Amino acid sequence: MCRSIKTLRPPMTPDADQDDIHAAALQYVRKISGFRAPAAHNREVFDAAVAAVAAATAALLDGLEIRGAGHSHG
């Protein structure tokens, strides 16, 4: 049903962008919910979960200190 979510932090994925973050969030919500695409009556909560996971992921990546990389991601 879901492919694996790839590591997005540098140096594993030095050029991760919002599309990568959204794709990872979508894969996570699909896996947890068990729905590839939600029914109309679940669309709002599904989309809200994807947005929340994407925001948390972006905050995590922005806050990580990657030692030896010279700077944190952001």
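In this text, all values refer to a predicted model and were calculated from it rather than measured experimentally.
Among residue pairs with one or both ends in residues 50-61, none qualify as side chain to side chain donor-acceptor pair (under 3.5 Å); sequence neighbours excluded.
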For this session: For Asp20 and Asp17, run side chain to side chain contact (heavy atoms under 4.5 Å, CB included): C-alpha distance rounded to whole Å, both residues' side-chain angles, the deciding distance at 0.1 Å, then the answer.
Result: CA-CA 5 Å; Asp20 294 315; Asp17 60 18; 3.2 Å; yes
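To the nearest 0.5 Å, atom CZ of residue Phe46 and atom CG of residue Leu26 are 5.5 Å apart. The distance from the CZ atom of Arg36 to the NZ atom of Lys31 is 12.5 Å, given to the nearest 0.5 Å.
Placement of Ile21 and Leu60 within a single hydrophobic cluster is found when ILVMFWY residues are connected by side-chain heavy-atom separations under 4.5 Å, directly or transitively.
Applying the salt bridge (charged side-chain N to carboxylate O under 4.0 Å, His left out) rule to Arg9 yields no partners; only residues at least two apart in sequence or on another chain are considered. Residues satisfying the side-chain contact (heavy atoms from CB on, under 4.5 Å) test with Ala25, not counting sequence neighbours, are Val50, Val53, Ala54.
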